[in-house]
A.B. asks: 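One structure is given below, represented as structure tokens, and several questions about it will come after.
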Amino acid sequence: MDSRAALAGAVLLGTLLWTGLPGVPGGTEAFATSPAMEAVEVAAPAAPATAAVEEAREAASHGSGYREVVETPESFPAAGEPGEGDLKATVRTATLVPNRGYTPIQVTVQNSGGQPRQVRLVIHSPQGRVTERSLELGPRERTVTWLLMPADLQTGTLTLESPGLYPSSKGFYLDGYQGARVMVLGDVKAFEKATGMSRAVENTEPLVATRFVDPHTAPRELAAYAGYDAVLVAVPPDQVPDDVWAVLETFALSGGQLVLDQPPANPRLHFPLLQDAQAELSPYGFGSVRQFRACRTQAQGCGMRLWEDTERSPAMVVPAGPPPRWERNDLLSDGRLPLLSSARAPVGRFLLLIFLFSLAVGPGGWMLARRKGPLAVLIAVPTLAALTCLGLVAWSVLVDGFSLHAARYSLTLLDRERSRAVTVGLNAWYANLAEDSVRMPASSVLLAPSAPEDPPRSFDWTNGLVVKSSFLPSRSYREWGEVAVIPSRARLTARKADGAVQVQNALGAPLQGGTLKLDGQLWRLPELADGAEGRATPLDGENDALADLHDEARRRFPGAVTALEQDLGEGTFVARLGGRGFTPTAVMDVELEAAQHLVRGQVEEARR
């Protein structure tokens, strides 16, 4: 009896425990909650679920809070190490790697001596790739600078070099978090106050990972910001230098998600293209500007708005890389097709040549041996093989040549009032001879595929970006993306004449068509050479300027096409151009095989 009673008690206890387990039918419901969600539920525990609660539940399923990537300053050389002298460097390690582009590495260099010093900072990666910057420090000067490593690298060794001193080095590792990544101008306290977010509990998934940067020493290159999902300015506007504001405006204009915790009293001073200066979220060029206003009174606070911005932060341009080595074929990564016909080997012609060679050596050699003897075969076969090789070489020289082949595609927004062009470009290259170097200004970003094959080995950031070697390897197909904001006087001029519209092409490239809206009427732009004039014709229908964009090229612009697809406003045009486009690499001497450039801007009306 005692054993049966003990058994019955154990079964009853097990049943009670089972029904109380989370996730079991009839048991206790358990799920991760964010602080905002908990506050809503505590305030009204018995009330039906409101929209805010449902929203919080959905957000909680993705995670809660934020994860701070703590950067540790490490100085070198230490006392007694080789290289100890007047120079000392401090590198901030465990930096948060962005999704794409380049990782900005903060380095502080101090010259404690009484003489000026030439300094070269070099990051060597285990793969043999080099990132460097040169600078000059005056006597007893201390400066903060940035080196931008390709985002596909996770570790490196920083070396400090100066004439007369033994080089000193320091190894470091980077944080390769895979979720949403935000750069914050400000500190942790300012971020938490702005967003209402707290640190994520250990072993839980955060909404965002954050990297904190002092706004006074923030980078001045666009490439330092372009890879992050969002950039949050968490300090008052007067604490951000004017040149940093200029870079942030360029970041938003070229496709970034910029968030302002404390918007300036007059936002248009820093963001002149804002349509509504008081709007919470405004499209801005290819990107957007969010101002924390109404979200401060919402139950979930502004942290959820920041997370939403990171979720809708697509890349502006995604160049295609090669397929894995075990899937070698004519396709690129994700099954994409090359944009250059010259990048594909003439397989059919080569197979025909090989077939003819086999006929000549096989049956032809047998017939020659019967008629002329074996000696004739010993002479004819090597001669025929030599002629075949010479034919292949001649084909390569006469057809492919030694020039650099390119196909160029781009989307451009013209800011006529400020004489600048905002461009997202894609270039497909095929180099018969290696092209080693290319130069990019600080207001541009050169983007490689996510998994580059045989990537460039040397980047110099002293004055903008200079790719010093292996920009384009020989006999290989490569795609590079570009994001740039550069000065431009390109414009389209229109005037009314005899009930029609006369347009002049001053866009710097052949006009291949497009659409113009003037006086509430849509007009079809004619084909015009650069500098020529022509008459636009009325257009019945919608803006179809994007219809002719190459399908494969369109797939490479996942986040940029939307800005050009918007309805045309009064005096706005979308034009299709040929030529080399507006990106910095347009100055390179290439054999242009294909080109499509879509340009949107405000027409300049001519009065007579």
Side-chain angles (χ1 to χ4, degrees), residues 253-254 268 271-277 282-286 408-425 484-549 560-583 586-587 592 595-608:
L253 195 60
S254 58
R268 287 198 179 95
F271 304 96
L273 299 183
L274 282 178
Q275 298 297 319
D276 183 358
S282 302
Y284 198 81
F286 289 107
R408 303 180 63 86
Y409 301 88
S410 68
L411 307 176
T412 299
L413 300 176
L414 288 181
D415 183 6
R416 182 170 53 84
E417 294 184 6
R418 278 151 286 277
S419 299
R420 58 182 179 172
V422 186
T423 301
V424 177
V485 181
I486 59 177
S488 175
R489 296 287 295 172
R491 64 192 185 279
L492 184 72
T493 303
R495 60 182 176 85
K496 300 173 186 175
D498 302 327
V501 174
Q502 193 77 8
V503 296
Q504 181 182 22
N505 176 20
L507 294 170
L511 178 62
Q512 299 175 347
T515 307
L516 165 67
K517 187 172 185 179
L518 201 60
D519 291 338
Q521 169 71 42
L522 292 178
W523 302 84
R524 188 186 303 277
L525 298 176
E527 294 187 11
L528 294 172
D530 184 28
E533 291 190 15
R535 178 163 295 193
T537 57
L539 174 63
D540 295 328
E542 300 179 353
N543 172 27
D544 61 347
L546 296 178
D548 296 332
L549 182 61
V561 176
T562 306
L564 276 80
E565 289 179 329
Q566 298 174 2
D567 294 337
L568 294 179
E570 180 62 28
T572 305
F573 70 90
V574 174
R576 294 192 303 271
L577 303 181
R580 299 185 179 184
F582 295 90
T583 55
V587 300
L592 197 60
Q596 281 185 323
H597 309 287
L598 298 180
V599 180
R600 181 180 178 124
Q602 197 75 16
V603 71
E604 184 175 294
E605 295 191 47
R607 304 289 182 182
R608 286 192 177 179

A.B. asks: Go through it in stages, so that I can follow the logic: the residues are D415 and V422, the test is side-chain contact (heavy atoms from CB on, under 4.5 Å), and I'd like the CA-CA distance, side-chain angles, deciding distance and then a yes or no.
C.D. replies: CA-CA 8 Å; D415 183 6; V422 186; 5.5 Å; no
A.B. asks: Nearest 0.5 Å please: distance from the CG atom of L598 over to the OG1 atom of T423.
C.D. replies: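 Taking CG in L598 and OG1 in T423, the distance rounds to 11.5 Å.
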A.B. asks: Would you indicate whether the side-chain heavy atoms of Q596 and L549 approach each other to under 4.5 Å?
C.D. replies: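 Result yes, sub-4.5 Å side-chain heavy-atom pair found.
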A.B. asks: Is any side-chain heavy atom of R524 closer than 4.5 Å to one of T537?
C.D. replies: yes
A.B. asks: Can you tell if the side chain of L522 reaches within under 4.5 Å of the side chain of L568, non-hydrogen atoms only?
C.D. replies: yes
A.B. asks: Measure the shortest side-chain to side-chain distance between L411 and F286 over non-hydrogen atoms and say whether it is less than 4.5 angstrom.
C.D. replies: yes
A.B. asks: Quick one: NZ on K496 to CD on E605, what's the gap to the nearest 0.5 Å?
C.D. replies: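 It is 6.5 Å, given to the nearest 0.5 Å.
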A.B. asks: Distance from L577 atom CG to L528 atom CG, nearest 0.5 Å?
C.D. replies: 10.5 Å
A.B. asks: Atom OG of S419 and atom CZ of R491: how far apart are they, to the nearest 0.5 Å?
C.D. replies: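 That separation rounds to 9.0 Å.
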A.B. asks: Which atoms form the tightest heavy-atom contact between S282 and D276, and what is the distance?
C.D. replies: OG-O, 3.7 Å
A.B. asks: Could you tell me if the side chain of R408 sits less than 4.5 Å from the side chain of H597, heavy atoms only?
C.D. replies: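 Counting from C-beta outward, H597 and R408 do come under 4.5 Å.
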A.B. asks: Could you pull out the closest heavy-atom pair between G571 and L518, with the gap in Å?
C.D. replies: CA-CD1, 4.3 Å
A.B. asks: Quick check: do T515 and K517 have side-chain heavy atoms less than 4.5 Å from each other?
C.D. replies: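 Of all side-chain heavy-atom pairs linking K517 with T515, none is under 4.5 Å.
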A.B. asks: Of all heavy-atom pairs between A494 and L516, which one has the smallest distance, and what is that distance?
C.D. replies: CB-CD2, 4.2 Å
A.B. asks: Decide yes or no for V603 and W523: does some side-chain heavy atom of the first lie under 4.5 Å from some side-chain heavy atom of the second?
C.D. replies: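 Not touching, per the 4.5 Å side-chain cut-off.
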A.B. asks: Counting only heavy atoms not in E570 (residues, nucleotides, ligands), do more than 12 fall under 6.0 Å from its CD?
C.D. replies: yes
A.B. asks: Please round to the nearest 0.5 Å and tell me the distance separating atom OG1 of T493 and atom CD of E604.
C.D. replies: 4.5 Å
A.B. asks: Measure across P272 and R420 and return the closest heavy-atom pair with its distance rounded to 0.1 Å.
C.D. replies: CG-NH2, 4.3 Å
A.B. asks: Which atom names give the shortest non-hydrogen contact between Q602 and T572, and what distance separates them?
C.D. replies: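 Of all heavy-atom pairs spanning Q602 and T572, the closest is OE1-OG1, 3.3 Å.
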A.B. asks: Report, as yes or no, whether the 6.0 Å neighbourhood of atom CZ on R418 holds more than 12 heavy atoms from other residues, nucleotides or ligands.
C.D. replies: yes
A.B. asks: Side chains of L525 and L492: closer than 4.5 Å at any heavy-atom pair?
C.D. replies: yes
A.B. asks: What is the minimum heavy-atom distance between G534 and P526, and which atoms define it?
C.D. replies: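 Nearest heavy atoms, G534 then P526: C-CG, 4.1 Å.
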A.B. asks: In Å and rounded to the nearest 0.5 Å, what is the CZ to OG1 distance from F582 to T412?
C.D. replies: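 Going from the CZ atom of F582 to the OG1 atom of T412 covers 5.5 Å.
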